[in-house]
Amino acid sequence: MPTDLSLRRATEADADVVAAVHLGSRGAAAMPPGVHPEHEVRAWLGARLAEDEVWVAEVDGRVVGYARFTPTWLDDLYVLPAYAGRGVGSALLDLVKAQRPDGFCLWVFEMNAPARDFYAGHGLVELERTDGSANEEREPDVRMAWPGERPLAFLRGLIDEVDEQLGDLLARRVALTVAVQDIKHDATRDAVREREIAEAMAVRVPALGVERLERIVHAIITESLDIASS
Ligand SMILES: O=C(O)C(=O)C[C@]1(C(=O)O)C=C[C@@H](O)C=C1
């Protein structure tokens, strides 16, 4: 950390400088253009200052970077382009790690290779990629995580979250097979239809591929038909 760099907790009085760092840094980064006008970004960041934990990095008394984080997510880490490469981002990231020893996640745009390399170089791991349809910019992004001091516990926590959603989806899936049986009363398997289902899923989960998905779909339908017949 450069000797002239210091970190401190931001106050609501920092709203303008934090917004200036956000806009200045984002404008120069390998990121899609923001979808909100500047006045909206300023108002929104001002409101977040009251809710989230925000720390600023100062060089010679000037705010040149900031980190904004919740109990489980690092939402913003920005450094003014003129101060890049001086350890400001690393100092802020180290601070977030110290404040969140149980780990945290973040989203980074896939196109932002410098940021992804920075996070990977600081021990963050890639968890998932999206096609961008769920973010405002509609740009593919990557979920990364710092798994904290107890990485197994951290990852198990994330598994529990996803399995909760998977359980809800399975409940809906089982109910549909049962509903079909209520009208069809014929549990003969339709291999062509099951293959189509697996192929459609493979578009969303290419990592698994059609063959593995066929086995998964087969198991789900087998158990669902068993429920329908009981
Ligand atoms: O689509 C049907 O005809 C069904 O019976 C439903 C269903 C399914 O649960 O998706 C169940 C068994 C068949 O092998 C194929 C599909």
Side-chain angles (χ1 to χ4, degrees), residues 30-36 69-76 100 102-113 115-117 119-120 123-148 150-230:
M31 293 171 74
V35 292
H36 296 283
F69 45 103
T70 72
T72 49
W73 287 88
L74 172 55
D75 285 321
D76 286 350
R100 295 293 180 266
D102 291 337
F104 56 86
C105 293
L106 62 84
W107 288 106
V108 57
F109 288 111
E110 191 182 293
M111 68 191 283
N112 196 350
R116 285 195 285 114
D117 290 347
Y119 291 127
L124 277 77
V125 293
E126 184 177 321
L127 291 183
E128 62 180 293
R129 288 180 178 237
T130 82
D131 63 3
S133 54
N135 66 44
E136 286 189 313
E137 293 83 357
R138 301 285 184 267
E139 275 293 329
D141 55 6
V142 181
R143 185 188 198 186
M144 298 184 79
W146 184 63
R150 294 177 303 127
L152 180 60
F154 174 80
L155 291 173
R156 280 186 174 167
L158 295 186
I159 283 177
D160 291 346
E161 272 176 33
V162 170
D163 284 351
E164 211 173 293
Q165 296 167 17
L166 200 50
D168 288 345
L169 284 177
L170 279 171
R172 293 168 62 196
R173 184 64 176 81
V174 169
L176 286 167
T177 301
V178 172
V180 169
Q181 278 306 301
D182 282 346
I183 55 168
K184 207 165 104 173
H185 304 295
D186 175 7
T188 310
R189 304 295 286 257
D190 181 343
V192 174
R193 171 71 181 141
E194 291 189 23
R195 172 95 186 172
E196 284 169 0
I197 292 170
E199 283 169 353
M201 276 187 184
V203 173
R204 311 190 78 88
V205 209
L208 278 173
V210 178
E211 312 308 321
R212 284 191 172 82
L213 285 164
E214 255 189 314
R215 292 197 287 273
I216 292 169
V217 167
H218 191 270
I220 293 171
I221 292 176
T222 299
E223 300 307 325
S224 304
L225 289 171
D226 186 52
I227 291 169
S229 69
S230 60

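Whatever order the structure lists them in is the order used to number ligands and atoms, beginning at 1.
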| Short N/O distance, under 3.5 Å, between D190 and ligand 1? | yes
| query | Is there a nitrogen or oxygen of K184 sitting under 3.5 Å from a nitrogen or oxygen of ligand 1? | reply | yes
| query | How about F109 and N135: do any of their side-chain heavy atoms sit closer than 4.5 Å? | reply | yes
| said: Could you tell me if the side chain of E110 sits less than 4.5 Å from the side chain of D141, heavy atoms only? | reply: no
Nearest protein heavy-atom contact for [atom]: which residue, which atom, what distance?
{"atom": "atom 14 (O) of ligand 1", "result": "E194 OE2, 2.5 Å"}
{"atom": "atom 16 (C) of ligand 1", "result": "R193 CG, 3.9 Å"}
{"atom": "atom 6 (C) of ligand 1", "result": "V180 CG1, 4.1 Å"}
{"atom": "atom 10 (O) of ligand 1", "result": "R173 NH2, 2.9 Å"}
{"atom": "atom 9 (O) of ligand 1", "result": "T177 OG1, 2.6 Å"}

N/O donor to acceptor pairs below 3.5 angstrom from side-chain atoms of residues 197-220, sequence neighbours left out:
residue	atom	partner	partner atom	Å
E199	OE2	R195	NE	3.2
E214	OE1	R195	NH1	3.0

| remark: Heavy-atom proximity to atom 7 (C) of ligand 1, picking from T222, I221, V217, points to I221
| note | Between the CE atom in M144 and the CZ atom in R116, the distance rounded to the nearest 0.5 Å is 8.0 Å
| message | At under 4.0 Å between heavy atoms, is it the side chain or the backbone of I197 that contacts ligand 1, or both, or neither? | response | side chain
Could you tabulate the donor-acceptor pairs under 3.5 Å formed by side-chain atoms of residues 167-176, not counting sequence neighbours?
residue	atom	partner	partner atom	Å
R173	NH1	T177	OG1	2.9

| field | T130-R143 side chain donor-acceptor pair, cut-off 3.5 Å | value | no
| request: Check the angle between the aromatic planes of W107 and W73 and answer parallel, tilted or perpendicular using the 30° and 60° thresholds. | output: parallel
